[in-house]
Protein chains: 2
Amino acid sequence: MSDLLERLRGRGWRLTAQRRVVAEVLDGDHVHYTADEVHARAAERLPEISRATVYNTLGELVSLGEVIEVSTDGRAKRYDPNAHHDHQHLVCSRCGTIRDVHLQGDPLSALPEPERYGFQVSEVTVTYRGICPTCSADS
Amino acid sequence: MSDLLERLRGRGWRLTAQRRVVAEVLDGDHVHYTADEVHARAAERLPEISRATVYNTLGELVSLGEVIEVSTDGRAKRYDPNAHHDHQHLVCSRCGTIRDVHLQGDPLSALPEPERYGFQVSEVTVTYRGICPTCSADS
DNA sequence: GTTATTGCAAAAACTTTGCATAATA
DNA sequence: TATTATGCAAAGTTTTTGCAATAAC
C-alpha cells in the first residue's frame, strides 16, 4: 500500500507510530502540505503527536532523499513526497498551494490544458541548484 | 544611473531617503539578498533605517512588479530586482545564495559552462505559477 | 498643510533545540 | 537491554502590525 513506508522499512528506519502517520499523510499526495498542515492531519489519527516530532521526521525524510522540501513565495515550506518521480510544480501565487504536474515536451511552452488543474497560469521559472564555489571551497 | 529609481519616480512613488537606499542596494544586482541583508547594506549608508521599513519597501516593490520575491529551500526570502529581464536562477543548496543566469536554448539541457559561475550544478526544476481555482473563485 | 511613510516595540508565524521519558528492535 | 525517538517547553529566526512622530509633496 505505501511505497514510502515500504522503502523506509527496507532502509532500516526505526518505525514508530508517529513516523508511520507522518509518512502516511505524505505518501503519494500530489498536493503538498506545510509542516503545520502535516501535523494537523497526523494529529487527526494520532492526537498526541507533537509538532517537534513532525519537524524532526520531515527533516529526516528530506535527508534520506525520500521527500523534497519545496518553498515558494508564501511563508512556510511544503513537503513533496514524490522525490522519485520526475515532475514539475504548479504554485498558486495567492494562497501558496502547490501541486505536481507531469509534462512532456518543452517546459517553456504553454502548460497543456489537462495539466493545468483549473489554474490560470501566468509564469514559468527555471531554477538550477547546486553548490556554489564558496561552499565547495569550505568543505 | 539607477534604472529602478527612475522607473519608480516615473510612477509617482513617494521618494524618501530610506526608499532610495533600499532601491540602490537592490538595483541591478545579480546576486540576491535576504531582507535582513538588504537592511544591513542599507544601514551602512543610512544607519537609522529600520527593519520594518525595509520589509515595507521590499513588499511594495514586489507589488509594483519591480522586484521578484524568490524563496528557496533555505530560510529567508530573497529579493531579485531584475524583474524586467528574462532570466533563470542558480541556487546554492548549502548556503542559499542565488544568482541570475541567462540562457538560450533548452532549459533542461546542461547549463553552459560560462553560465555556471563555478557552481557544481546538480538539479533543474521548472515551476509554473498562477492562481488556483479556489482563489479565483473567492475574488 | 495633508497625506503617506517611518521607527519602535510588541507580536505573530515558522522552526529548532535540550533533556527527561518512553518505545523500538 | 541498548539505543533511538518522543514530547514538552523554551528559544531562535523571519516577518508583520499598530500607532505616534516625521517628512514628502
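Throughout, protein chains are lettered first and strands after them, A, B, ... in sequence-line order, and every chain is numbered starting at 1.
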Self-check item: Heavy-atom protein contacts under 4.0 Å, nucleotides 1-12 of chain C, coded B base, S sugar-phosphate only, - none
Solution: --BSSSBB----

Exercise. Keeping the roles fixed (side chain from B:T34, backbone from B:R78), state whether a donor-acceptor pair exists under 3.5 Å.
Key: no

Quiz prompt | Protein-nucleotide distance (B:Y55, atom OH; D:dG18, atom P), rounded to Å | solution = 17 Å

Quiz item: Please give, in whole Å, the distance from D:dT4 P to A:L8 CG?
Solution: 17 Å

Exercise. Could you give me the CA-CA distance, side-chain angles and deciding distance for B:N82 and B:H87, then say whether side-chain hydrogen bond (donor to acceptor under 3.5 Å, both in side chains) is met?
Key: CA-CA 8 Å; B:N82 301 299; B:H87 65 276; 5.2 Å; no

Quiz item: What integer distance in Å separates B:Y33:OH from D:dT14:P?
Solution: 17 Å

Quiz item: Is A:E6 salt-bridged to A:R9, going by a charged N under 4.0 Å from an acidic O?
Solution: no

Quiz item: B:H102 and ring-ring contact (aromatic ring centres under 6.0 Å, His included): which partner among B:H85, B:H89, B:H30?
Solution: B:H30

Quiz item: Taking atom P of C:dT15 as reference, at what distance in whole Å does atom CG of A:L58 sit?
Solution: 10 Å

Quiz item: B:H39 has an atom NE2; how far is it from atom C1' of D:dT16, in whole Å?
Solution: 15 Å

Quiz item: Looking only at atom types and distance, does a side-chain atom of B:H39 sit under 3.5 Å from a main-chain N or O of B:Y55, one as donor and one as acceptor?
Solution: no

Quiz prompt | Separation between CG of B:D29 and CZ of B:R41, rounded to the nearest 0.5 Å | solution = 8.0 Å

